[in-house]
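Here is the structure we will look at.
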Amino acid sequence: MELRDDLGIAVIGGGLAGAVLAWRLTRMGHPVTVLTGGATVTRDATAVSGGLLRAFETDPVTARAAALSLAELRADAGLRELAGYREFGSSYLLPSGSTAARIRPVLDLVDELLPGAAELVDATELKTFRGLPSDTLAVVEPAAGCLSPARLRTGLLAAVEAAGGTVRAETVTALAPDGELRTVAGGAERYRAVVVAAGPWTPRLLRSWRLPDQGLRAKQIQYTIGTTDRLPPGMGAFVDETSGLYGRPDGPHRMLLGLPTDRWDVDPAALTPLPELAAQVAACAAERLGLADWPGPDARTATAADCWAAPGGTGGLLLRRLPADAPLFTFTGGTGGAAKTVLANSRDAAAALVEACPPS
Ligand SMILES: Cc1cc2nc3c(=O)[nH]c(=O)nc-3n(C[C@H](O)[C@H](O)[C@H](O)COP(=O)(O)OP(=O)(O)OC[C@H]3O[C@@H](n4cnc5c(N)ncnc54)[C@H](O)[C@@H]3O)c2cc1C
């Protein structure tokens, strides 16, 4: 069969990571082909993501990427519109035992990148929450919010196509160590560089292609959206590290709430909701927020997997070179929070990719 030799860059996966990276590369003038997969798209992390954004994270590398991403979004009305950005504020309740001195360097970093964005408060100011440890501290951001990762992906892939890039709804079935890839359609293709941005599918795909999995792992995430008549006024998004509960408003009487799962190395295409976890979330919502009537009869539980970086791999999505002679990379490992960091991470990744694989 004839080999299609392309001087552009191939991106495997058209989730948020692949779409934003392809958009960056296109804007830099590099021809891009995105292979978005088949039926898996509707069940990917991007389709289900809560899209919560804030600048503060306890890890400084992640906080830097999150603050830069939020700054870019806030400065770009077109991007905000495309992403369906909504602002309602955020509180990050730190684990018991946290001290102002330990958190100060990250707060200073966030303040440098987004002046005045975040402030440290103590338990007396966290009136929405019940039963908090008395030493609880929280980082409050009035200008945080959420976007729709699915809308942003669709909009940016359309922008890639409008600028002359190629987006094909095809599944890649093979990637050889020499860089040659094959799709379901059967043809062999070679590119200047290939980036595997297949989110939680990435570790399995790499292993099936006899490439190193880079310590990446797929983990399940689940949340429930339900109704309550008791939504406290001014309720924004929050992460409560003292209980694990996280959430955000989803309309005047609706709240998205979740707890972390312990389901590792899952098959992203074969996930089902965990009813016992949904029940734990309801119990925690009643205890921490007094939402005894949540989630109500019209509740919807959503679940999907995301790709976790190996322990110690922080900072959100990262471009990682596969140890092969060919120009092969991954761009994944957002560890459950890539909607926050993708704008900054994709800018860095696109620059690093072009430097590693300049056009001939
Ligand atoms: C339930 C949930 C809630 C979340 N909430 C938040 C949040 O509130 N805030 C936040 O910052 N982050 C959140 N995240 C994280 C963030 O949304 C994800 O990190 C991000 O969407 C991941 O994008 P991705 O492109 O890496 O992966 P995905 O969106 O999973 O995309 C991977 C793509 O690869 C494609 N693919 C797979 N195999 C192949 C193949 N062989 N060939 C071609 N394509 C293939 C799939 O079809 C899929 O479209 C959440 C994630 C989940 C799962």
Side-chain angles (χ1 to χ4, degrees), residues 10-22 33-55 57 62 65-66 69-70 90 144-150 152-154 156-157 167-175 181-185 194-206 208-209 216 218-225 237-239 246-248 250 256-258 260-261 263 266-269 271 273 301-309 316-318 330-343 345-346:
V11 178
I12 301 175
L16 193 60
V20 186
L21 180 65
T33 295
V34 189
L35 300 154
T36 63
T40 48
V41 172
T42 53
R43 305 198 60 182
D44 67 10
T46 301
V48 178
S49 176
L52 230 148
L53 304 185
R54 60 174 176 267
E57 288 289 316
T62 313
S69 296
L70 193 54
S90 153
C146 80
L147 52 68
S148 162
L152 184 58
R153 169 244 301 270
T154 304
L156 294 185
L157 287 179
V167 179
R168 286 158 43 200
E170 285 176 40
T171 300
V172 175
T173 51
L175 178 63
L181 68 78
R182 279 176 191 276
T183 67
V184 176
V194 178
V195 183
V196 186
W201 282 268
T202 307
R204 280 168 183 247
L205 285 175
L206 293 174
S208 75
W209 296 335
L216 298 166
K219 188 185 181 195
Q220 187 168 358
I221 304 179
Q222 174 172 308
Y223 60 74
T224 299
I225 296 181
F238 70 91
V239 175
Y246 62 86
R248 65 160 170 80
D250 194 61
L256 176 161
L257 292 169
T261 78
R263 304 296 168 106
V266 294
D267 176 352
L271 293 177
T301 294
T303 199
D306 198 16
C307 186
W308 251 249
L317 302 161
L318 213 61
T330 60
F331 181 58
T332 186
T335 306
K340 282 175 211 76
T341 61
V342 68
L343 288 175
N345 289 151
S346 61

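All ligand and atom numbering here is 1-based and tracks the order in the structure.
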### Task
If you have a sec, work out which protein heavy atom is nearest atom 6 (C) of ligand 1 and how many Å separate them, to one decimal?
S49 OG, 3.3 Å

### Query
Of all the non-hydrogen atoms in the protein, which one sits nearest to atom 45 (C) of ligand 1, and at what distance?
G37 CA, 3.9 Å

### Message
Can you tell me how far apart CG (L157) and CG (L152) are? Round to the nearest 0.5 Å.
### Response
9.5 Å

### Query
Could you give the distance from CG (L206) to CH2 (W201), rounded to the nearest 0.5 Å?
14.0 Å

### Where ligand 1 meets L35 - atom numbers and elements under 4.0 angstrom, heavy-atom basis
43 (C), 44 (N)

### atom 47 (O) of ligand 1: nearest protein contact (heavy atom, Å)
T40 OG1, 2.6 Å

### Query
Any N/O of A304 closer than 3.5 Å to an N/O of ligand 1?
no

### Message
Below the 3.5 angstrom mark, is there an N/O of L205, backbone or side chain, next to an N/O of ligand 1?
### Response
no

### Summary
Rounded to the nearest 0.5 angstrom, the CG-SG distance for L317 and C307 is 9.0 Å

#### Entry: atom 23 (O) of ligand 1 [closest protein heavy-atom partner, distance rounded to 0.1 Å]
T46 OG1, 3.4 Å

## Note on the structure
Separation between OG1 (T224) and CG (L256), nearest 0.5 Å, reads 8.0 Å

### Summary
If you scan protein heavy atoms around atom 36 (N) of ligand 1, the nearest is A198 CB, 4.0 Å

### Task
Using the side-chain hydrogen bond (donor to acceptor under 3.5 Å, both in side chains) rule, pick out the option among T36, D44, T46 that qualifies with R153.
D44

### Task
Measure the distances from the heavy atoms of E170 to every atom of ligand 1 and state whether one is below 4.0 angstrom.
yes

### Query
Going by heavy atoms, is C307 under 4.0 Å from ligand 1?
no

### Message
For E170 and T183, which I'm curious about, is there any donor-acceptor pair between the side chains at under 3.5 Å?
### Response
yes

### Query
Which residue supplies the protein heavy atom nearest to atom 8 (O) of ligand 1, what is that atom called, and how far is it?
L52 N, 2.8 Å

### Task
Measure the distance from atom 41 (N) of ligand 1 to every protein heavy atom, then report the residue, atom name and distance (to 0.1 Å) of the closest one.
V172 O, 2.9 Å

### Message
I'd like to check whether A305 has a polar contact with ligand 1, where a contact means an N/O of the residue lying under 3.5 Å from an N/O of the ligand.
### Response
no

### Per-atom contacts of ligand 1 with V48, taking only distances under 4.0 Å to non-hydrogen atoms
1 (C)

### Query
Do any nitrogen or oxygen atoms of T171 come within less than 3.5 Å of a nitrogen or oxygen of ligand 1?
no

#### Entry: Gap separating the CG atom of L147 from the CG atom of L53, nearest 0.5 angstrom
4.0 Å

### Query
Going by distance only, is there an N or O of A45 that falls short of 3.5 Å from an N or O of ligand 1?
yes

### Query
Quick one: does K340 get an N or O within less than 3.5 Å of an N or O on ligand 1?
yes

### Task
Would you mind telling me which of L21, I12, V11 makes a side chain to side chain contact (heavy atoms under 4.5 Å, CB included) with F331?
L21

### Query
With atoms numbered from 1 as shown, which atoms in ligand 1 lie under 4.0 angstrom from a non-hydrogen atom of A338?
11 (O), 12 (N), 15 (C), 16 (C), 19 (O)

### Query
Is the closest side-chain heavy-atom distance between R263 and Q222 below 4.5 Å?
no

### Query
Under 4.0 Å from any heavy atom of P200, which atoms of ligand 1 are there?
27 (O), 30 (O)

### Task
Under 4.0 Å from a heavy atom of A17: give me the atoms of ligand 1 that qualify, with their elements.
23 (O), 24 (P), 25 (O), 26 (O)

#### Entry: Residue I12 vicinity, atoms of ligand 1 by number, heavy atom under 4.0 Å
42 (N), 43 (C)

### Task
Measure the shortest side-chain to side-chain distance between V48 and Y223 over non-hydrogen atoms and say whether it is less than 4.5 angstrom.
yes

### Task
Could you tell me whether D306 and ligand 1 have an N or O pair separated by under 3.5 Å?
yes

### Query
Does even one non-hydrogen atom of G336 get within less than 4.0 Å of ligand 1?
yes

### Distance from atom 1 (C) of ligand 1 to nearest protein heavy atom, with residue and atom
I221 CG2, 3.6 Å

### Gap separating the CG atom of L16 from the CG atom of D306, nearest 0.5 angstrom
10.0 Å

### Message
Before you tell me yes or no, could you show the steps for Q220 and T303 under side-chain hydrogen bond (donor to acceptor under 3.5 Å, both in side chains), namely the whole-Å CA-CA distance, both residues' side-chain angles and the distance that decides it to 0.1 Å?
### Response
CA-CA 7 Å; Q220 187 168 358; T303 199; 2.8 Å; yes

### Message
Geometry only, no angles: is G14 polar-contacting ligand 1 at N/O separations under 3.5 Å?
### Response
no

### Query
Which option, G50, S69, G15, owns the non-hydrogen atom nearest atom 5 (N) of ligand 1?
G50

### Geometric N/O contact D44 with ligand 1, under 3.5 angstrom
yes

### Message
L16 versus ligand 1: do any nitrogen or oxygen atoms come within less than 3.5 Å of each other?
### Response
yes

### Query
Looking at G13, which atoms of ligand 1 are within less than 4.0 Å of one of its heavy atoms?
34 (O), 35 (C), 44 (N)

